Number of protein chains: 2
Amino acid sequence: MKAEASNLKDLRADTIESLKPRDRILKTASALFNEYGVNNIGIDRLIAESSVSKRTFYNHFPSKNEVIAAYLESKDWLRFSELDKHVSRVKGGAKAEILAIFDFLEQWFSEDDFNGCAFARGLNDFNQGDVKELRGKVDLYFEHWGDFIKTRLKALVEPDEVKILFPQLLSLITGSVIVAQGLGDVKVAALNKRIAESILTGC
Amino acid sequence: MKAEASNLKDLRADTIESLKPRDRILKTASALFNEYGVNNIGIDRLIAESSVSKRTFYNHFPSKNEVIAAYLESKDWLRFSELDKHVSRVKGGAKAEILAIFDFLEQWFSEDDFNGCAFARGLNDFNQGDVKELRGKVDLYFEHWGDFIKTRLKALVEPDEVKILFPQLLSLITGSVIVAQGLGDVKVAALNKRIAESILTGC
DNA sequence: GGGAAAGTACACAAATCTGTCTACTTTTGT
DNA sequence: ACAAAAGTAGACAGATTTGTGTACTTTCCC
């Protein structure tokens, strides 16, 4: 259940020029896919902006789906790396750690390239025949939220209560993302943190 | 602020054969766009399944974006028509009407062709240059939620409180959609109704 | 009943997209 | 130092997509 961090890196601090072709592609893909969506970015554009030849691209990623899969994997890994880092600074046990999610969200929404959640997007984009593998990455992301939240809930409440609180908390999280994106309202995370506090009172 | 119901109809009960070309296209588009997403359905497929000639299609809709716009408009209109109908049967004033949203959601999620929200999807799909008009339809949908909810909140609480409760309620609504779609959990609407009740206690 | 409006059928233009191929150059490891 | 591995540059095949053009037929309504 541990993340296979082998091939996963945080490329955000590196300049494009300093990176090897594969990572240059991934960094560029991350920016382009995030801004325009995987369906609106063609291989040609990705290659051009990665300053890589087409041959090299296809040597590293046998198909477009492969680079999308790598993108999703790295986004997933990075999101939970950051969340873990954020939460590790929090004192106050499981409850405080769950509430810290909402501070983390507000920070995320405030990034200037925030453009919604790649996985909520994937929920819609990966419904067809040849992208089932990509839909699997989306499912994994939601499972990771399950791991993160349920582990902590189990320390606080009875199993029956976990089954109620988990979907509620996940709704508050995903709802925050949609509202932040749709209304441009970054502060929604803080408002929803209050709700999370109230459904966890007594824990 | 009233919906221009002129050209908007509920086509769900009609058979494809009984409809005139334009409505046949809209009914087919609704089914295909809902299942696969607007980016994964080509004009050719839409035309073939509508049993309409290409010329006829382009006579009614000058471009693909136009048919998508019509689809979004009808979805928006239909959603709030249904919600209004649902809510009109509820006794108990503004608070009960807000809570009734969540019963409505559960009903929606239970439809066998439920596949997430076209507008949450549009939030991601319509970010590019030539689809700004479509993004406008998404914004309108969120505005309609604002109209529906804020009108009722104003009858219950002070304006300052409306600014807090509206994003929270909208998060619960949109979060329900994502969780219902992502986890296949229809019951999430009922769980989130409880939260809505609790943030409206005393109203 | 007859003419205008609407629809059919389908070829085709133009753009775009994924992925392959060829021929050449640079980098790397030992 | 030198061979193998990796990368460059760009043409091109084949599929797909949106939208137009042409020639013919059906429907509607006055």
Side-chain angles (χ1 to χ4, degrees), chain A residues 7 9 11 14-29 31-33 35-72 122 125-134, chain B residues 7 11 14-29 32-33 35-72 122 125-134:
Chain A
N7 52 342
K9 279 187 274 185
L11 304 170
D14 299 285
T15 60
I16 281 283
E17 298 79 19
S18 71
L19 294 170
K20 298 191 158 190
R22 187 173 197 280
D23 286 340
R24 229 155 58 217
I25 294 166
L26 278 177
K27 186 179 168 76
T28 308
L32 291 176
F33 288 164
E35 183 167 359
Y36 302 101
V38 297
N39 288 322
N40 297 317
I41 291 296
I43 293 290
D44 283 350
R45 171 129 184 232
L46 175 52
I47 284 167
E49 301 207 8
S50 302
S51 297
V52 144
S53 80
K54 208 162 197 177
R55 204 89 215 65
T56 300
F57 172 84
Y58 277 103
N59 280 342
H60 287 295
F61 304 98
S63 73
K64 186 184 178 183
N65 280 352
E66 299 276 337
V67 74
I68 296 174
Y71 156 72
L72 293 174
D125 283 343
F126 310 139
N127 264 334
Q128 279 192 297
D130 72 327
V131 285
K132 283 287 155 59
E133 179 207 346
L134 299 178
Chain B
N7 52 342
L11 302 171
D14 299 285
T15 61
I16 282 283
E17 299 80 17
S18 71
L19 294 170
K20 297 192 157 189
R22 186 173 198 281
D23 286 339
R24 229 154 60 217
I25 293 167
L26 278 177
K27 187 179 168 74
T28 309
L32 290 176
F33 288 163
E35 183 167 0
Y36 302 102
V38 297
N39 287 323
N40 297 317
I41 291 296
I43 293 291
D44 282 351
R45 172 132 184 228
L46 175 52
I47 283 166
E49 301 208 8
S50 301
S51 298
V52 143
S53 81
K54 205 163 198 175
R55 251 275 153 272
T56 299
F57 172 84
Y58 277 103
N59 280 342
H60 287 295
F61 303 99
S63 72
K64 186 183 178 183
N65 280 353
E66 299 277 336
V67 73
I68 296 173
Y71 156 72
L72 293 174
D125 283 344
F126 310 140
N127 264 334
Q128 280 193 297
D130 73 329
V131 286
K132 283 285 155 59
E133 180 207 345
L134 299 178

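Note that the coordinates shown come from a computational prediction; the quantities given were computed from them, not determined experimentally.
In this structure, L26(B) CG and F61(B) CZ are separated by 4.0 Å, a value rounded to the nearest 0.5 Å. Note that the CG atom of L72(B) and the CG atom of L134(B) stand 6.0 Å from one another [nearest 0.5 Å]. The structure places OG of S51(B) at 11.5 Å from CG of L19(B), a figure rounded to the nearest 0.5 Å. Going from atom CD1 of I25(A) over to atom CG of L32(A) covers 12.0 Å, rounded to the nearest 0.5 Å. Distance NZ/K64(B) to CG/N39(B): 6.0 Å, rounded to 0.5 Å.
Nearest nucleotide to the S63(A) side chain, out of dG19(D), dG19(C), dT18(D): dG19(C).
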Test salt bridge (charged side-chain N to carboxylate O under 4.0 Å, His left out) on K9(A) and D23(A) and set out the steps.
CA-CA 9 Å; K9(A) 279 187 274 185; D23(A) 286 340; 2.8 Å; yes
Polar atom pairs (N or O), protein with nucleotides 28-30 of chain D, under 3.5 Å:
none

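Regarding I47(B), its CD1 atom lies at a distance of 14 Å from the C1' atom of dT16(D), rounded to whole Å. We find that CD1 of I43(B) is positioned 17 Å from P of dT16(C), with the value rounded to whole Å. The interatomic distance linking R45(B) (CZ) with dT18(D) (P) rounds to 12 Å, in whole Å. Atoms NZ (K64(A)) and P (dT16(C)) sit 15 Å apart, rounded to a whole Å. Across the protein-nucleic acid pair, D130(A) atom CG and dC17(C) atom P stand 16 Å apart, rounded to whole Å. The interatomic distance linking D44(B) (CG) with dC12(C) (C1') rounds to 12 Å, in whole Å. L19(B) places its CG atom 16 Å from the C1' atom of dG7(C), with the value rounded to the nearest Å. When the P atom of dT18(D) is taken as reference, atom CG of N40(B) falls 11 Å away, rounded to whole Å.
In the helix from dG1(C)-dC30(D) to dT30(C)-dA1(D), the terminal helix axes, each the rotation mapping four pairs' C1' atoms onto the next four within five end pairs, subtend 30°, rounded to 10°.
A heavy-atom distance below 4.5 Å is found between the side chains of D125(B) and D125(A). Side-chain contact between H60(A) and F57(A) is absent, with no heavy-atom pair separated by less than 4.5 Å. Looking at K54(B) and D44(B), their side chains come closer than 4.5 Å, going by heavy atoms from C-beta outward. Residues L46(B) and F33(B) have side chains in contact (heavy-atom distance under 4.5 Å, counting atoms from C-beta outward).
When heavy atoms are screened at a 4.0 angstrom cut-off, R24(A) is found touching the sugar-phosphate backbone but no base atom. Among the heavy atoms of the strands, none lies under 4.0 Å from P62(A).
Under 4.0 angstrom from either OP1 or OP2 of dA6(D) there lies no side-chain N or O belonging to H60(A).
Near DNA chain C, meaning a heavy atom under 4.0 Å from it, residues 51-59 of chain A has K54(A), R55(A), Y58(A) in order of number.
When atom types are taken as modelled, the side chain of K27(A) and the backbone of D14(A) share a donor-acceptor pair closer than 3.5 angstrom.
Across all non-hydrogen atoms, the minimal contact from R24(A) to S50(A) is NE-O, 3.1 Å.
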